[in-house]
Amino acid sequence: MNDLMKTPSRDPDDRLDAVLRQELHWETPPEVSARLLALVPGNQVPAPAVPAPPRPQSWYSMLVLVLTAAAVGLSLGIAWQFYGTVGAELGLIAMVEQLRYAPLIGLQRIYDALPASRQVVAILLVIRDQIHWLLLAIMLWLAFDQQPQRQTVRN
């Protein structure tokens, strides 16, 4: 009965546990510790002077910026050419043209099937125009009617 209560040997797990404990033990650099202690209010330990990392010269930064812009532009140009060629081969230009004229064709079919729909569409267009003017008036009103914000001063 006592043998049943005994836990099985965990020798591989114990070795893994020891390795993990050893690897997870970190030593903090003294300058990091000093900087953290300097953040504590009331602490009198002066923070060490950490030199600023060196900044690249302006000509180097400009060169990197120009080369990056050239690489992005070249990539976009190549992609544009590739997708244009693939689109022409697959007939995507014709599909885009069909999609461009699809609303007009659908509206014409509705007009042919329901002649009274012309009046409904005309009313909707007038309402749309009025809503555009109303939104423009609201935007202008909000832009020009702003009162200056008063700041309260507390003693």
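On a predicted model such as this, the values are computed, not experimentally measured, just so you know.
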Quick one, Leu124 with Arg128, criterion side-chain contact (heavy atoms from CB on, under 4.5 Å). Give me CA distance, side-chain angles, the key distance, then yes/no.
CA-CA 6 Å; Leu124 290 175; Arg128 184 194 66 179; over 6 Å; no
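Considering CD1 of Ile110 and CD1 of Ile105, their distance stands at 12.5 Å, rounded to 0.5 Å. For the atom pair CG (Leu16) and CZ (Arg21), the distance works out to 11.0 Å, reported to the nearest 0.5 Å. The CG atom of Leu135 sits 7.0 Å away from the CD1 atom of Ile131 when rounded to the nearest 0.5 Å. Ile138 contributes atom CD1, which lies 4.0 Å from atom CG of Leu134 (distance to the nearest 0.5 angstrom). To the nearest 0.5 angstrom, Arg109 atom CZ is 12.0 Å from Leu107 atom CG.
Under the 4.5 Å side-chain heavy-atom criterion for ILVMFWY residues, no single connected hydrophobic cluster contains both Leu76 and Phe82.
Annotation for Gln119: atom CD counts as buried by contact number, over 12 foreign heavy atoms lying within 6.0 Å. The number of heavy-atom neighbours closer than 6.0 Å to OH of Tyr83, taken from other residues, nucleotides and ligands shown, is 12 or below.
Scanning all heavy atoms of the two residues, the minimum distance from Met95 to Leu92 falls at CE-CD2, 3.0 Å.
Looking at Asp112 and Gln108, their side chains come closer than 4.5 Å, going by heavy atoms from C-beta outward. Side-chain atoms of Arg100 and Val96, non-hydrogen and from C-beta on, never get closer than 4.5 Å to each other.
Grouped by direct or indirect side-chain proximity (heavy atoms under 4.5 Å, Ile/Leu/Val/Met/Phe/Trp/Tyr only), Leu36 sits with Val32, Leu39.
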